[in-house]
Amino acid sequence: MLRVGINGFGTIGKRVADAVRAQPDMTVAGVAKRTPDYEAEIAHDRGYPLFAAEDERPFAAAGLDVCGRVRQLVAASDVVVDATPAGVGAQNRELYQDLDTPAVYQGGEDADVAPVSFNARANYDAAVGADAVRVVSCNTTGLSRVLAPLDERYGIEKVRATLVRRGGDPSQTGRGPINDTLPDPVSIPSHHAPDVQTVFPDLAIDTMGMKVPSTLMHTHAVNVTLESVPSTDSVRDLLADEDRLLLVPERLGIDGAGKLKEYTRDAGRPRGDVWENCIWAESLTVEPLADGRADCYLFQAIHQEADVVPESVDAVRAITGVADRDVSVRRTNEALGIGRGLAGLDPGHSVRPRDAASDD
Ligand SMILES: NC(=O)c1ccc[n+]([C@@H]2O[C@H](COP(=O)([O-])OP(=O)(O)OC[C@H]3O[C@@H](n4cnc5c(N)ncnc54)[C@H](OP(=O)(O)O)[C@@H]3O)[C@@H](O)[C@H]2O)c1
């Protein structure tokens with residue numbers, strides 16, 4: 001059993017801890033945070049050994065037992081997942097290196113925090129044997145999952161994506177906008193394009209970012225110019241075969257992120273989490289261009305609190321070399337129930353019109 005320490009027990013860290021606990025080959029060595037708030041109480045309730053990121057005294061004053069400082073947690077771990085706020089991970093790097101503990105960082109860190117920027121679908125093997133990896137951000141994860149199969153099957157000439165991002169997570173009470181629609185950043189490309197290139201170094205991609213008054217999910221409007229001309233049905237079949245892409249059929253009547261979240265809550269997903277990209281099936285459109293190219297369009301929703309969680313679990317297996325990609329992804333998916341348990345979307349349930357036939 002791999003002993004996994006989780007440094008930072010907020011939005012991402014608490015989900016990673018629960019996901020690690022669900023794996024047959026991993027155990028939670030402990031979790032660390034700074035303050036004895038409701039999330040510390042949750043960690044305690046779940047039986048996770050709790051460590052103080054800085055000072056134990058506030059925990060003692062709140063009546064919460066801690067097992068020591070974060071250094072002790074790292075020493076007791078085979079791998080550490082750093083889920084501290086953006087920039088804090090880089091400050092922790094010396095500690096992990098000092099204790100010779102492989103580290104999985106999150107996408108809020110700069111790419112140079114680790115030698116590999118990681119997405120399980122796109123570049124699992126690049127992380128095998130590395131001493132540290134950075135799981136790319138929620139948006140980059142969402143784009144990587146959909147671009148990898150398109151690039152492998154059809155070749156990609158150019159990607160143009162507009163990312164309409166939630167203003168903040170539900171727990172981020174200080175974030176906004178409250179009543180506005182912001183180009184964010186105003187400059188083009190947004191930082192997402194270079195981040196995607198940390199996973200696909202040769203990919204031509206431009207991104208535009210926006211922020212809107214929502215906490216639910218991000219929505220991507222994606223246009224991919226392909227180097228060949230598949231039919232819409234073949235692209236739909238290709239994407240429907242991917243583990244972490246859900247093609248949401250029109251007949252379910254899911255018209256936005258609100259119903260997507262309601263749907264996964266109804267299905268009994270923990271916290272209503274949506275680990276997969278949700279692609280609106282009827283948005284998937286391929287328009288042939290001259291000279292053997294085609295434009296592929298789609299809308300997808302990305303649950304920012306959840307999609308990096310299975311990737312973080314796979315990153316743990318990749319850097320420790322305990323499993324290859326297929327084994328790790330299958331194990332993670334089975335343990336979490338990814339791609340399962342959603343009425344109308346279980347494996348084998350066609351998202352295509354029943355009489356449509358594939359042309360390849
Ligand atoms: N939230 C998202 O939508 C999202 C999506 C993808 C990736 N990410 C990335 O994931 C990382 C974590 O983000 P998050 O949203 O989970 O942050 P978060 O909700 O603010 O949680 C951060 C956690 O780290 C703890 N912490 C703060 N300072 C610390 C320190 N010096 N040492 C150890 N722990 C410390 C916090 O504890 P206290 O509360 O006790 O201070 C809290 O438990 C960031 O790199 C972020 O960019 C976030």
Side-chain angles (χ1 to χ4, degrees), residues 5-19 30-44 46 48 50-59 61-62 64 66 68-74 77 80-96 103-111 113-114 117-119 132-145 163 165-175 191-192 195 211 214-218 257 261 271 273-275 277 301-312 315:
I6 293 120
N7 190 12
F9 193 75
T11 303
I12 302 300
K14 65 189 174 190
R15 287 172 166 82
V16 170
D18 291 354
V31 304
K33 70 189 305 299
R34 282 186 318 175
T35 50
D37 59 4
Y38 72 98
E39 285 169 325
E41 296 282 353
I42 294 283
H44 188 259
R46 298 206 172 181
Y48 297 140
L50 184 58
F51 292 78
E54 287 168 355
D55 185 354
E56 296 101 320
R57 285 170 298 185
F59 290 89
L64 277 169
V66 290
R69 293 265 179 104
V70 71
R71 188 177 185 89
Q72 289 159 278
L73 169 60
V74 178
S77 303
V80 64
V81 178
D82 187 295
T84 59
V88 177
Q91 294 166 24
N92 291 332
R93 186 167 54 178
E94 202 177 321
L95 170 65
Y96 307 145
V104 174
Y105 298 96
Q106 297 298 318
E109 302 303 322
D110 290 340
V113 77
S117 286
F118 178 85
N119 172 257
V133 297
R134 178 183 73 118
V135 172
V136 289
S137 76
C138 46
N139 283 304
T140 303
T141 294
L143 287 170
S144 299
R145 286 175 176 172
L163 315 182
R165 286 132 70 218
R166 56 74 177 119
D169 296 337
S171 64
Q172 291 176 314
T173 45
R175 296 273 290 255
H191 54 276
H192 306 95
D195 202 37
K211 274 195 183 166
S214 166
T215 62
L216 297 173
M217 298 174 88
H218 303 302
K261 293 298 310 293
R271 303 180 175 95
D273 279 354
V274 194
W275 298 295
N277 295 22
I302 301 298
H303 186 197
Q304 74 282 354
E305 298 167 286
D307 73 333
V308 298
V309 172
E311 308 296 331
S312 298

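When a ligand or atom number is given, it counts from 1 through the structure's own listing order.
Close contacts between ligand 1 and Ala83 involve ligand atoms 12 (C), 22 (C), 23 (C), 24 (O) [criterion: under 4.0 Å to a heavy atom].
Scanning Thr140, Val31, Asn92, Thr84 for the heavy atom closest to atom 11 (C) of ligand 1 points to Thr84. With atom 25 (C) of ligand 1 as the reference point, the heavy atom nearest to it among Pro58, Pro170, Gly8 is part of Gly8. Counting only non-hydrogen atoms, the option in Leu95, Thr35, Val16, Asp82 that gets closest to atom 38 (P) of ligand 1 is Thr35.
Pro170 approaches Thr215 most closely through the heavy-atom pair CD-O, 3.6 Å. Between Lys33 and Glu39 the shortest heavy-atom distance is CE-CB, 3.9 Å. Across every non-hydrogen atom of Arg271 and Lys261, the tightest pair is O-NZ, 4.4 Å. The two atoms that bring Arg134 and Asp110 nearest to each other are CD-O, 3.7 Å, heavy atoms only.
The shortest N/O to N/O separation between Arg166 and ligand 1 falls below 3.5 Å. By the 3.5 Å distance cut-off applied to N or O atoms, Cys138 is not counted among the residues near ligand 1. Remark: ligand 1 and Thr11 share an N or O pair separated by less than 3.5 Å (distance only, no angle test).
Salt-bridge annotation for Arg46 and Asp18: present, with a side-chain N of the basic residue lying under 4.0 Å from a carboxylate O of the acidic one.
Note that the CG atom of Leu143 and the CG atom of Leu163 stand 6.0 Å from one another [nearest 0.5 Å]. Of the inter-residue distances, the one linking Arg166 atom CZ with His218 atom NE2 reads 4.5 Å to the nearest 0.5 angstrom.
Residue, atom and distance of the protein heavy atom nearest to atom 27 (C) of ligand 1 are Pro85 CD, 3.3 Å.
Residue Asp169 touches ligand 1 through its side chain alone, judged by heavy-atom distances below 4.0 Å. Contact annotation: for Val70 versus ligand 1, there are no heavy atoms closer than 4.0 Å.
Protein heavy atoms are found inside the 4.0 Å sphere centred on atom 23 (C) of ligand 1.
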